[in-house]
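Data block below; observations after.
Whatever order the structure lists ligands and atoms in, that order sets their numbers, starting from 1.
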Amino acid sequence: MLVFRKVTDLQLFLQRQMAKGRQVGFIPTMGALHQGHLSLIRQAQTQSELTVCSIFVNPTQFNDPDDLKKYPRPVEQDIQLLTDVGCNLLFLPSVKEVYPKGGQPGPKVKLGKLAKVMEGKFRTGHFEGVVQVVHRLLEIVRPHRIFMGQKDFQQFRIIGSMLEQLKSSVQLVVCPILREEDGLAMSSRNRRLTPEHRKRATIVSQTLRKASELLGHKPLPEIQQWALQELATAKGFRPEYFEIVDGYSLQSLESFHKKDLVVACTAVWAGDIRLIDNMIWQNEDFLYPKKGSQNIS
Ligand code: AMP
């Protein structure tokens with residue numbers, strides 16, 4: 001695997017590859033890689049001749065300086081994992097390389113209501129930072145496709161909206177959540193859970209699943225209330241939100257129709273670690289590799 005730290009070196013290499021007609025698949029990450037990240041690389045490999053992964057802990061999307069400081073950065077281990085999975089290129093830039101002095105500000109896109117709910121409500125400025133970095137990375141890499149995880153459903157939806165507003169030709173492919181055997185959604189932050197909290201963390205996916213079984217039996221606001229109470233029963237756990245939303249508008253649903261994309265999203269504090277998870281309760285056909293891939297923007 002080739003490792004590039006400089007924008008110009010990466011671009012020179014990629015330009016030559018693209019001139020030969022190679023399709024480029026891009027997977028942006030913040031590192032501390034796990035099987036969930038690697039599943040994105042594997043999916044990218046099925047649709048691209050060249051897979052480019054970036055590892056960049058983007059300071060502009062952290063609203064909590066302590067979270068940024070403590071974000072794990074096991075770079076050597078990450079390089080090994082990417083090499084083993086057969087990733088072709090790693091882009092490992094510094095902050096200065098991504099945001100050079102006098103560089104362009106982020107794109108002019110309207111996030112509107114998409115960024116005011118859930119993560120956007122509790123992590124002020126987070127999505128502005130995400131849009132800024134993804135836009136900048138796309139400008140650097142210029143891939144044909146970008147692969148993102150359902151794990152960050154709201155992020156995926158917002159990037160979809162950004163691409164649509166910018167009339168970008170980049171295809172956004174979203175891949176399902178990879179989970180640990182006990183159901184916990186894989187996350188770089190899981191390694192910071194205490195052993196007790198790690199054991200209890202199964203409550204998050206279990207609640208999403210059990211709540212889905214109430215669909216059709218109880219009104220959605222009641223299911224939401226039940227889930228919030230359930231999540232609070234685990235010692236040391238504090239739910240921040242549990243929302244049942246329309247997967248396009250991300251606005252809360254009071255009821256739904258057959259054609260609606262229904263997604264339950266939650267954020268829960270386990271001690272001082274914040275876990276997010278979601279489950280698509282209806283119409284998950286757009287996931288890749290489920291039934292093909294498509295842009296839902
Ligand atoms: P991150 O390094 O947390 O910024 O994540 C990089 C990409 O990996 C994002 O598109 C995430 O949605 C995706 N991702 C994170 N966790 C998982 C998971 N458990 N399964 C699948 N994709 C994931």
Side-chain angles (χ1 to χ4, degrees), residues 25-45 51-62 67-68 70-75 77-79 81-82 85 87 90-93 98 118-119 123 126-127 129-138 141 143 145-160 162-163 170-193 198 201-202 204-205 208 247 263 265-267 273-280 284 286-290 293 295-296:
F26 177 48
I27 309 97
T29 81
M30 297 204 299
L33 302 178
H34 49 67
Q35 288 301 320
H37 294 114
L38 301 185
S39 73
L40 297 184
I41 311 269
R42 289 194 181 94
Q43 295 314 324
Q45 286 167 336
T51 47
V52 183
C53 176
S54 65
I55 296 182
F56 179 62
V57 184
N58 174 37
T60 70
Q61 72 187 67
F62 283 80
D67 192 24
L68 172 63
K70 289 188 179 153
Y71 203 85
R73 292 167 170 87
V75 177
Q77 195 182 314
D78 285 349
I79 291 178
L81 287 169
L82 289 172
V85 79
C87 182
L90 168 62
F91 181 44
L92 192 61
V98 175
M118 301 191 289
E119 293 302 288
R123 301 182 69 190
H126 170 66
F127 286 119
V130 169
V131 163
Q132 179 186 24
V133 75
V134 174
H135 180 261
R136 173 73 179 128
L137 290 171
L138 287 176
V141 179
R145 295 184 186 84
I146 178 170
F147 293 79
M148 304 191 93
Q150 176 207 330
K151 166 79 177 5
D152 298 274
F153 190 88
Q154 190 171 7
Q155 165 175 288
F156 147 66
R157 185 63 198 97
I158 284 174
I159 295 302
M162 176 190 91
L163 294 174
V170 179
Q171 189 194 350
L172 173 59
V173 183
V174 62
C175 304
I177 302 175
L178 246 78
R179 298 180 177 280
E180 302 288 354
E181 262 178 29
D182 65 0
L184 177 65
M186 289 182 185
S187 163
S188 306
R189 289 187 173 87
N190 291 351
R191 60 182 82 188
R192 290 177 49 214
L193 289 167
R198 170 64 192 83
T202 54
V204 182
S205 61
L208 283 162
V263 190
C265 303
T266 187
I273 308 300
R274 191 168 178 279
L275 302 173
I276 60 166
D277 199 353
N278 68 77
M279 225 166 253
I280 300 173
E284 59 178 5
F286 62 90
L287 289 177
Y288 184 85
K290 284 268 165 57
S293 60
N295 214 328
I296 68 158

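Residue-to-ligand polar distances keep A185 apart from ligand 1: every N/O pair is separated by 3.5 Å or more. On a distance-only criterion, S187 and ligand 1 share no N/O pair closer than 3.5 Å. For K151, no nitrogen or oxygen atom sits less than 3.5 Å from a nitrogen or oxygen atom of ligand 1, counting backbone and side chain alike. Considering backbone and side-chain N/O of M30, one or more are found under 3.5 Å from N/O of ligand 1. Distances between N or O atoms of F147 and those of ligand 1 include no value under 3.5 Å.
For atom 22 (N) of ligand 1, the closest non-hydrogen atom on the protein side is G36 O, 3.7 Å. Taking atom 20 (N) of ligand 1 as the reference point, the nearest protein heavy-atom neighbour is L178 N, 2.8 Å. Nearest protein heavy-atom neighbour of atom 13 (C) of ligand 1: L40 CD1, 3.7 Å. With hydrogens left out, the protein atom closest to atom 5 (O) of ligand 1 is H37 NE2, 3.4 Å, a heavy atom. For atom 11 (C) of ligand 1, the nearest non-hydrogen atom of the protein is D152 OD2, 3.0 Å. Looking from atom 10 (O) of ligand 1 to the surrounding protein, the closest heavy atom is G149 N, 2.9 Å.
Ligand-side atoms of ligand 1 in range of M186: 16 (N), 17 (C), 18 (C), 19 (N), range being under 4.0 angstrom from any heavy atom. Applying the 4.0 Å criterion to heavy atoms of P176 picks out, from ligand 1, the atoms 20 (N), 21 (C). The distance from ligand 1 to the heavy atoms of P28 drops below 4.0 Å at these ligand atoms: 6 (C), 7 (C). For ligand 1, the atoms sitting less than 4.0 Å from at least one non-hydrogen atom of M148 are 10 (O), numbered in the order shown with element in parentheses.
The two atoms that bring G149 and V174 nearest to each other are C-CG2, 3.8 Å, heavy atoms only. Nearest heavy-atom pair, I177 versus N278, reported as atom, atom and distance to 0.1 Å: CD1-O, 3.4 Å. In plain terms, the two heavy atoms of L275 and A201 that are nearest each other are CD1-CB, 4.1 Å. Shown here for L40 and M148, the closest heavy-atom pair between the two residues is CD2-O, 3.7 Å. Here the shortest heavy-atom pairing between G36 and M186 reads N-SD, 3.6 Å.
Contact annotation for C175 and ligand 1: no heavy atom of the residue comes within less than 4.0 Å of the ligand.
Between F286 and F156, the ring-plane angle classifies as parallel under the 30° and 60° cut-offs.
Note on ligand 1: H34 sits in its first shell, one or more heavy atoms being nearer than 4.0 Å. A32 does not count as a contact of ligand 1, since none of its heavy atoms falls under 4.0 Å from the ligand.
Considering only residues two or more places apart in sequence or on other chains, S39 meets the side-chain contact (heavy atoms from CB on, under 4.5 Å) condition with L178. With sequence neighbours left out, the side-chain contact (heavy atoms from CB on, under 4.5 Å) criterion links S54 to F26, P28, F91, L137.
Panel note: side chain H37, backbone H34; a donor-acceptor pair is recorded below 3.5 Å.
Checked against D277 for a salt bridge (charged side-chain N to carboxylate O under 4.0 Å, His left out), the options R189, K151, R179 give a single hit: R179.
Note on R192 versus D67: salt bridge recorded, some NZ/NE/NH1/NH2 to OD/OE distance being below 4.0 Å.
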